[in-house]
Number of protein chains: 2
Amino acid sequence: MDYEHTCMIRGDGGRTLRAILDQICNKWTLLVVATLDQGTLRFTDLHHQVPGISQRMLTLTLRHLERDGLITRTVHAEVPPRVEYALTPTGESLIPPALALAGWAIAHAPGIEESRAAYAAR
Amino acid sequence: MDYEHTCMIRGDGGRTLRAILDQICNKWTLLVVATLDQGTLRFTDLHHQVPGISQRMLTLTLRHLERDGLITRTVHAEVPPRVEYALTPTGESLIPPALALAGWAIAHAPGIEESRAAYAAR
DNA sequence: CGGCATCCCCGTCGATACTG
DNA sequence: CAGTATCGACGGGGATGCCG
């Protein structure tokens, strides 16, 4: 890894970068985006497919993603109401790097658990 | 992006994955790891090179990274004391995916800011 | 120099209840 | 069905001060 690339993550001192990263890397965003990679989903579908998320946090996460232009929110004027969420091109472009990080986490999870156990035993 | 890959991030329901991701993707971890990509650094060096981090959070972040086996902490028995931090191979392996995400954030930061401004103006 | 201990604020998050 | 409103607990994280 050469310095050019390293420079990138350190960027402007990390301020702007960290602001974006904080939005993306929070507790639920990556999981919601990854779930939407399946295609268009309704609110309830997401609620069931993202395990452990509360209605409140799903709503907030979706609002943030919509605000940042990563997903679209489509309200159908029907009874009962139907609201569909889908990734925008920008949102889709987040999938590969998100999976890269997720892949790393999965690949190194056992090692991390082991190291953590060894650390606790000291 | 096919379903096999998507499945990965959704994994076991996201529980284990999110636990690891929460550790890695927090406010400071990625920046500290990226800074250590330069090579071995002392505590004060890190404090200066990671802008905005408090002494407390730098200490905590370094302890977590050490516990998880991503960095090594070497204390030199000298006066004044000297403590050096360096990435382990596991820590180094986090750099590429971290840069992928950072690259995405930098590339899309203008678009996100724009979308956010448009959203606020509604 | 490189921490750890303490205090305290504030944002995050879940639970619950209510609405169109 | 798809939210909004409100409350309260919790913990991240900054400021400060002390220590080996």
Side-chain angles (χ1 to χ4, degrees), chain A residues 13-15 17-33 35-36 40-68 71-86 119-120 122, chain B residues 13-15 17-33 35-36 40-68 71-86 116 119 122:
Chain A
R15 277 174 286 273
L17 175 61
R18 228 195 48 218
I20 302 289
L21 242 44
D22 281 0
Q23 293 293 329
I24 299 307
C25 272
N26 62 25
K27 195 168 182 175
W28 302 110
T29 303
L30 281 182
L31 285 177
V32 169
V33 169
T35 303
L36 279 173
T40 301
L41 288 175
R42 301 180 59 172
F43 186 88
T44 306
D45 295 334
L46 282 168
H47 198 185
H48 285 108
Q49 294 202 28
V50 180
I53 195 170
S54 66
Q55 195 182 44
R56 169 192 170 83
M57 290 319 297
L58 181 55
T59 300
L60 286 177
T61 302
L62 290 169
R63 285 292 178 281
H64 289 330
L65 286 170
E66 185 195 4
R67 184 195 58 177
D68 291 354
I71 65 172
T72 57
R73 178 174 180 269
T74 311
V75 181
H76 298 266
E78 305 172 354
V79 176
R82 184 160 55 98
V83 181
E84 292 184 328
Y85 297 92
Y119 187 91
R122 292 184 316 124
Chain B
R15 278 173 287 273
L17 174 61
R18 228 193 48 217
I20 302 290
L21 242 45
D22 281 359
Q23 293 294 328
I24 300 307
C25 271
N26 62 25
K27 194 168 183 174
W28 301 109
T29 302
L30 281 183
L31 285 177
V32 170
V33 169
T35 303
L36 279 173
T40 301
L41 287 175
R42 299 180 61 173
F43 186 88
T44 307
D45 296 332
L46 282 167
H47 198 187
H48 285 109
Q49 294 202 27
V50 180
I53 195 170
S54 65
Q55 196 182 44
R56 169 193 168 83
M57 290 318 296
L58 180 55
T59 299
L60 285 178
T61 302
L62 290 170
R63 284 294 175 283
H64 289 329
L65 286 171
E66 185 195 4
R67 184 194 57 177
D68 291 353
I71 65 172
T72 57
R73 178 174 181 268
T74 310
V75 182
H76 298 267
E78 304 173 353
V79 177
R82 183 162 54 97
V83 181
E84 292 184 328
Y85 297 92
R116 206 172 286 188
Y119 188 90
R122 292 183 317 122

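Each chain gets a letter, A, B and so on, in the order the sequences are listed, and its residues count up from 1.
Rounding to the nearest 0.5 Å gives a distance of 12.0 Å between CG of A:Asn26 and CG of B:Asn26. Atom OG1 of B:Thr74 and atom CD of B:Glu66 lie 9.0 Å apart (nearest 0.5 Å).
Chain A approaches DNA chain D over the interval D:dC1 to D:dT6, counting the first and last nucleotide 5' to 3' with an atom under 4.0 Å from its heavy atoms.
Between B:Glu84 and B:Thr40 the shortest heavy-atom distance is CB-CG2, 3.5 Å. Closest of all the heavy-atom pairs between A:Tyr85 and A:Leu62 is CZ-CD1, 3.6 Å. Between A:Phe43 and A:Leu58 the shortest heavy-atom distance is O-CD2, 3.7 Å.
Direction change of the helix axis from one end of the helix from C:dC1-D:dG20 to C:dG20-D:dC1 to the other is 50°, with five pairs defining each end axis (rounded to 10°).
Each of B:Val32, B:Val33, B:Leu31 was checked for a side-chain contact (heavy atoms from CB on, under 4.5 Å) with B:Thr29, and the lone residue meeting it is B:Val33. When B:Val50, B:Leu46, B:Asp45, B:Thr44 are each tested for a side-chain contact (heavy atoms from CB on, under 4.5 Å) with B:His48, only one passes: B:Thr44.
Residues A:His64 and A:Gln23 bring no donor and acceptor atom of their side chains to less than 3.5 Å of each other.
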Spell out protein contact along nucleotides 4-20 of chain C as letters: B when the base is contacted, S when just the sugar-phosphate is, - when no protein heavy atom is under 4.0 Å; keep the 5' to 3' order. B-B------BBB----B
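Formation of a donor-acceptor pair under 3.5 Å by the A:Thr59 side chain with backbone atoms of A:Gln55 is found in this model.
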A:Val75 vs A:Arg73, side chain to side chain contact (heavy atoms under 4.5 Å, CB included): CA-CA, chis, key distance, verdict: CA-CA 7 Å; A:Val75 181; A:Arg73 178 174 180 269; 3.7 Å; yes
